[in-house]
Amino acid sequence: MKPKKRIALMIVLIIIAVMMSLPFFWMLITSIKPDTELFSWPPSFIPKNITLEHYAEVFHTKDFGRYFANSLIVACLSVVINLFFCSLAGYAFARLDFKGKNFAFIVLLSTMMIPIQVTLIPTFILVKSFPLAGGNNIFGQGGIGFLNSYFGLAVPHIMSVFGVFIMRQFYMQFPKELSEAARIDGANEIRIFTKIFLPLGKPALSTLAIFSFTQAWDDFLWPLIVTSENSMRTLQLGLEVFKSRSSADWGPLMACTSLAIVPVLIIFTVLQKYFTDTALTSGIK
Amino acid sequence: MKNQTRKNGQLSSMKKKIAFTAVIFIAPVFIYTVIFRIAPIFFSLILSFTRYDGFNAPVFNGMQNYKALMFSGEFWNSVIRTLEFSVLVLPLNMLISLIMAVLINNRIRGIGFFRALYYLPVITPLVAASMIWMWLYDPQYGVFNFFLSLFSLPPVNFLSNTSTALASVAVMRIWRGVGWNMMIYLAGLQGISAYLYEAAKLDGAGTFKQFTKITWPLLRPVHLYVLIVGLISTLQSFTEMYVMTGGGPLQSTTTVGMLIYTSAFDYMDMGYACSMSFALGIIIMVLSVISFTWKKERTEVLE
């Protein structure tokens with residue numbers, strides 16, 4: 001590339017970068033400005049005084065830790081169950097033959113098109129009147145079922161069809177001979193999966209981990225309807241609660257928001273080297 | 001001969017074993033999907049013909065919910081708002097993400113940094129993103145109004161003005177979504193063979209012509225993918241409206257998703273909400289099919 005063109009490209013890239021990161025910059029700046037500076041005009045882009053008082057305030061709010069832990073529990077639960085069952089199913093769809101396989105796969109895939117609002121109310125009723133849970137009788141009456149429980153919070157996320165899809169796309173790329181050689185050597189099917197394909201699946205599993213973590217961490221609508229107790233709220237709900245409780249108290253709000261981004265940022269940075277490739281190949285094909 | 005049948009027998013028993021394993025591996029996900037994704041559709045369809053408050057047993061009331069829907073100004077307003085939101089978000093989102101992908105597709109130092117930075121909003125939780133933008137839009141101390149004041153323009157009440165609220169939410173949504181589509185476009189760009197560009201260069205085609213004659217048409221399947229996925233997700237919008245505007249002012253940001261939520265969980269009118277969710281499902285399906293066939297025709301004509 002010619003140097004002139006390269007400089008022009010760099011300038012455009014930087015302009016877009018500034019626009020994309022301005023909201024993050026503003027969030028961070030706000031979270032470390034003292035209130036006197038925060039509510040002054042014109043706003044300062046480089047804070048004159050730096051304070052951590054907003055973060056301290058957030059941590060001193062008893063509920064924050066609870067919300068954060070709840071979100072973490074739900075997200076981790078979702079990751080573990082997804083990794084386990086989606087890798088099994090994805091592997092079977094990619095590499096094991098049986099009658100009706102394609103039909104079963106199409107049935108699964110077609111559910112990805114359904115808007116969440118369609119299944120929302122029945123799923124809520126199902127979770128609320130689950131037989132023998134949360135004080136319910138065998139007909140699912142009388143109690144609260146899995147409302148206000150970690151299982152209830154995690155249940156819409158635990159086995160994603162998209163996860164099966166990612167794993168299938170990934171396992172399709174290996175030659176048939178790989179499984180056949182193992183079979184000839186007398187390895188049984190479970191062994192072939194656990195000893196050969198599970199270790200090979202690391203990139204796809206990392207992608208799946210990122211997806212299921214962010215999805216569960218991100219969710220707002222479902223926690224909003226299945227939790228009524230404050231102690232079971234997730235962080236995203238908590239943010240909304242903080243907002244309505246302390247309207248326009250932007251310092252602590254932005255501190256809280258920054259903290260809500262940290263876990264996904266960590267997961268993403270740790271696992272991202274695998275992420276792009278798998279996400280892309282499974283996204284298009 | 002005997003040996004042969006034994007071999008066949010072994011082979012078929014092996015096939016059986018494989019099929020058995022496959023069924024065991026798939027069963028949990030399949031059963032889960034049937035219970036939590038497929039059965040609810042039918043359940044919801046049945047509920048949509050009833051009056052149901054979530055506590056007492058549902059009462060069958062025929063087509064009443066759908067009739068009420070047809071004549072509800074509130075519902076049609078929400079449909080229009082939802083479509084408007086998609087129209088505000090999608091074309092700009094696609095254009096910007098394609099430009100970003102073309103820029104990112106250059107091999108220069110530090111490109112990985114830019115790619116990660118452009119992707120950052122995608123992994124930001126939607127509630128967090130909505131919060132940040134509410135603060136940016138703040139009528140008194142918001143940074144956008146500061147920028148306006150630099151050009152001596154009067155402050156705008158972005159989120160509490162009926163003419164700007166929906167567009168303001170849409171801008172946040174575009175910011176959060178372009179990184180994802182950029183990645184999809186990038187994969188599409190990298191799938192285009194370099195030979196095509198070299199051949200075009202030999203024929204004397206400039207950068208612009210290369211883009212319009214090679215890149216753009218060959219990206220057609222990607223456009224389609226991005227468009228349909230975008231349609232499905234924007235038509236379901238709920239969270240950003242709930243957090244940023246609460247559906248207001250004057251219902252100007254009340255999407256169908258918002259209305260379903262308030263009907264079902266504020267007014268406990270779950271049967272009616274189910275009928276609305278079916279209407280939404282049909283709208284999404286029809287629009288996806290339309291965009292699918294439209295693109296197909298265009299491709300055929302070109303080829």
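In what follows, chains carry the letters A, B, and so on, assigned in the order in which the sequence lines appear, proteins first and then strands, with residues in each chain numbered from 1. The analysis underlying the following values was restricted to heavy atoms, covering all of them including side chains, and did not include hydrogens, waters or symmetry mates.
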*With a 4.5 Å cut-off on heavy-atom pairs, point out which of A:I14, A:T214, A:L120, A:I121 contacts chain B the most.*
A:I121
*Is it the side chain or the backbone of A:I192 that comes within 4.5 Å of chain B heavy atoms, both, or neither?*
neither
*List for me each residue that meets side chain to side chain donor-acceptor pair (under 3.5 Å) alongside B:D53, sequence neighbours excluded, and say none if there are none.*
B:N56
*Can you tell which part of A:R183 gets under 4.5 Å to a heavy atom of chain B, answering side chain, backbone, both or neither?*
both
*asked:* Can you tell me which portion of B:F113 sits under 4.5 Å from chain A's heavy atoms? Options are side chain, backbone, both or neither.
replied: neither
_At a 4.5 Å cut-off on heavy atoms, which part of A:K99 comes close to chain B: side chain, backbone, both, or neither?_
neither
_Intermediate values then yes/no, side-chain contact (heavy atoms from CB on, under 4.5 Å), B:Y261 and A:L221_ = CA-CA 9 Å; B:Y261 172 80; A:L221 176 54; 3.9 Å; yes
*Does a side-chain heavy-atom distance below 4.5 Å link B:W135 with A:L253?*
no
*asked:* If I measure from the heavy atoms of chain A, does B:S44 come under 4.5 Å with its side chain, its backbone, both, or neither?
replied: both
*Checking A:I16 against chain B: side chain, backbone, both or neither under 4.5 Å from a heavy atom?*
both
*Side chain, backbone, both or neither: which part of A:V161 has a heavy atom under 4.5 Å from chain B?*
side chain
_Residues A:F98, B:F20; criterion side-chain contact (heavy atoms from CB on, under 4.5 Å); working and verdict_ = CA-CA 8 Å; A:F98 69 97; B:F20 181 70; over 6 Å; no
*Take B:K17 and A:D97 through the test salt bridge (Lys or Arg N to Asp or Glu O under 4.0 Å) and record every step on the way to the result.*
CA-CA 10 Å; B:K17 245 186 221 159; A:D97 270 323; over 6 Å; no
_Contacting region of B:M100 [heavy-atom separation from chain A under 4.5 Å]_ = side chain
*Checking heavy atoms, do the side chain of B:R109, its backbone, both or neither come under 4.5 Å from chain A?*
backbone
_Atom group of B:V34 that falls short of 4.5 Å from chain A, counting heavy atoms_ = neither
*Out of A:T123, A:I114, A:I125, which one racks up the most heavy-atom pairs below 4.5 Å with chain B?*
A:I125
*Considering only heavy atoms, which portion of B:Y118 lies under 4.5 Å from any heavy atom of chain A: side chain, backbone, both, or neither?*
both
*asked:* Please classify the contact between B:L126 and chain A as side chain, backbone, both or neither, with a heavy-atom cut-off of under 4.5 Å.
replied: both
*Selection from A:I225, A:L22, A:T111, A:V264 maximising heavy-atom pairs under 4.5 Å formed with chain B*: A:I225
*asked:* Please verify the inter-ring angle class for A:F124 with B:F265; under 30° counts as parallel, over 60° as perpendicular, anything in between as tilted.
replied: perpendicular
*Any idea which of A:D219, A:L235, A:L224, A:L126 has the most non-hydrogen atom pairs under 4.5 angstrom with chain B?*
A:L224
*Measure distances from B:I284 to the heavy atoms of chain A and classify the residue's part below 4.5 Å as side chain, backbone, both or neither.*
side chain
*Quick one: of A:V12, A:V155, A:N188, who has the most non-hydrogen atom pairs under 4.5 Å with chain B?*
A:V155
_Please confirm whether the ring centroid of B:W175 lies under 6.0 Å from the ring centroid of A:F24._
yes
*Can you tell me how far CH2 of A:W250 sits from CD of B:Q140, rounded to the nearest 0.5 angstrom?*
12.0 Å
*So, A:F193 versus B:F25, ring centres under 6.0 angstrom or not?*
yes
*Which residue out of A:V118, A:T257, A:T119 racks up the most heavy-atom pairs below 4.5 Å with chain B?*
A:V118
_Portion of B:L103 that has a non-hydrogen atom of chain A nearer than 4.5 angstrom_ = both
*asked:* Is it the case that atom CZ in A:F45 sees more than 12 heavy atoms from other parts of the structure closer than 6.0 Å?
replied: yes
